[in-house]
Amino acid sequence: MNSFGRIFKVTIFGESHGESVGVNIDGCPAGLPLTVEDFLVDIERRKGGTQKGTTPRKEDDLPIFKSGLFNNKTTGAPITIIFENKNTRSGDYEKLRDFPRPSHADFVAHDKFGGYEDYRGGGHFSGRLTVCLVAVGVIAKKLLQYQNISVAANLLEIGGEKDLEKGLQKAIDAKDSIGGIVECRANVPKGLGEPFFDSAESLIGHAVFAIPAVRGIEFGTGFAAARMFGLEHNDAIIDTNGTTRTNHAGGIVGGITNGNELVFRIAIKPTASTPKEQETLNWNTGAVDTFSVKGRHDLCIALRVPVVLEAVTAMVLADLMLLEQRIKRVI
């Protein structure tokens with residue numbers, strides 16, 4: 001449900017307009033140096049209001065450590081971190097209560113939880129909770145650094161344009177939201193992944209779809225492989241380390257990492273909260289009605305996704321490395 005991982009086990013909690021959001025990380029090795037300063041760069045990358053096209057909502061997002069840390073080192077006990085919600089405007093959502101927003105979780109959450117869900121800002125379904133994932137990523141990336149593993153993600157396209165400014169301007173001109181494509185790369189050792197159901201792609205895909213707004217994932221050549229011949233697609237092995245001449249597989253074969261670079265891309269949908277007038281059900285009248293979404297929302301949520309994608313990827317890799325006992329329980 002709200003937990004992921006076998007040894008490096010992550011649980012997130014909280015709602016967008018609640019008192020706080022937070023994360024509990026069980027299974028983190030002891031002795032890892034950790035301070036508030038370690039989190040600042042990645043948290044800043046995720047923040048809204050700091051770059052064109054993102055929500056004006058600004059939160060300090062300084063991590064508050066509640067357990068698992070002593071003398072700036074992890075203790076081996078579960079780590080609990082919370083982030084306070086200070087800049088909320090819940091009234092914006094009170095006005096929308098009659099209208100389940102298209103492409104949001106409003107309708108399904110109301111249906112599944114009998115109307116008891118916290119609807120303000122999307123509640124527990126909100127992208128606000130990705131700050132928790134980023135915090136996990138900071139810790140996971142620090143663990144991976146001891147194994148010389150790095151993870152980096154970049155925004156490749158906005159609205160089909162490789163010129164990101166041009167793609168963003170399309171949305172500004174249309175007074176609408178827009179999507180994008182984000183790519184992640186990591187140098188990963190051989191042997192990670194547990195076929196069939198815990199293959200490396202399965203676990204990464206599972207974690208990636210926890211990021212709100214993700215619509216698809218492809219590894220290596222991805223869907224383009226369906227238009228290739230076998231000889232063209234096959235990655236020739238050229239040495240005893242398993243290095244391949246090409247990397248159409250994206251670094252994973254048979255569900256197991258093969259030592260080549262891990263490469264995959266995700267598709268991010270346009271932000272569902274668009275200022276454009278649209279139609280949806282009116283819960284009060286039972287009829288379809290027109291409405292528009294007010295409040296503070298991202299023009300292009302893909303702008304804030306790269307650091308979140310790095311985080312969930314690092315989370316999966318750290319868990320797999322612990323399973324293989326390549327990361328020890330004491331640093």
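The first residue in the sequence is number 1, and the count goes up from there.
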*Hey, can you tell me if H233 and H248 have their rings parallel, tilted or perpendicular (30° and 60° cut-offs)?*
parallel
Please check if the number of heavy atoms outside [X] that lie under 6.0 Å from its [atom1] is greater than 12.
| X | atom1 | value |
| --- | --- | --- |
| I237 | CD1 | no |
| F70 | CZ | no |
| E19 | CD | no |

For the pair [X] (side chain) and [Y] (backbone), establish whether a donor and an acceptor sit closer than 3.5 Å, ignoring hydrogens and angles.
| X | Y | answer |
| --- | --- | --- |
| D60 | K86 | no |
| H17 | G123 | no |
| K166 | E161 | no |
| N234 | G230 | yes |
| R185 | V263 | no |

Exercise: identify the closest heavy-atom pair between [X] and [Y]:
| X | Y | value |
| --- | --- | --- |
| I79 | G68 | CG1-O, 3.9 Å |
| A311 | L133 | CB-O, 3.2 Å |
| P100 | L281 | CD-O, 3.2 Å |

Give, for atom [atom1] of [X] and atom [atom2] of [Y], the distance between the pair rounded to the nearest 0.5 Å.
| X | Y | atom1 | atom2 | answer |
| --- | --- | --- | --- | --- |
| R46 | L303 | CZ | CG | 13.0 Å |
| N247 | E261 | CG | CD | 7.0 Å |
| I25 | I12 | CD1 | CD1 | 11.5 Å |
| F39 | L34 | CZ | CG | 4.0 Å |
| K142 | C28 | NZ | SG | 10.0 Å |
| N258 | N241 | CG | CG | 11.5 Å |

*asked:* Tell me if the aromatic rings of F4 and H206 count as close, with their centers under 6.0 Å from one another.
replied: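 Judged by ring-centre distance (under 6.0 Å), F4 and H206 do meet the cut-off.
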Would you mind checking if [Y] and [X] are paired as a salt bridge, meaning a charged N to carboxylate O distance below 4.0 Å?
| X | Y | answer |
| --- | --- | --- |
| R101 | D106 | yes |
| R45 | D42 | yes |
| D61 | R128 | yes |

_Worked verdict on F291 versus E277 for side-chain contact (heavy atoms from CB on, under 4.5 Å)_ = CA-CA 6 Å; F291 83 117; E277 192 171 84; over 6 Å; no
*With side chains defined as the heavy atoms from C-beta onward, is the minimum distance between N154 and P306 less than 4.5 Å?*
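Answer no - side chains too far apart.
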*I82: hydrophobic cluster co-members (side-chain, 4.5 Å)*: F13, I64
_Derivation of the side-chain contact (heavy atoms from CB on, under 4.5 Å) call for I43 and F83_ = CA-CA 11 Å; I43 284 174; F83 296 91; 3.6 Å; yes
*asked:* Under the side-chain contact (heavy atoms from CB on, under 4.5 Å) test against T313, which residue among L262, L144, V308 passes?
replied: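 Single side-chain contact (heavy atoms from CB on, under 4.5 Å) partner of T313 among L262, L144, V308: L262.
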What pairs of donor and acceptor atoms, side-chain ones from residues 321-331 against any protein atom, are under 3.5 angstrom apart with sequence neighbours left out?
from	atom 1	to	atom 2	distance (Å)
R326	NH1	K190	O	2.8
R326	NH2	K190	O	2.7
K328	NZ	Q325	O	3.4

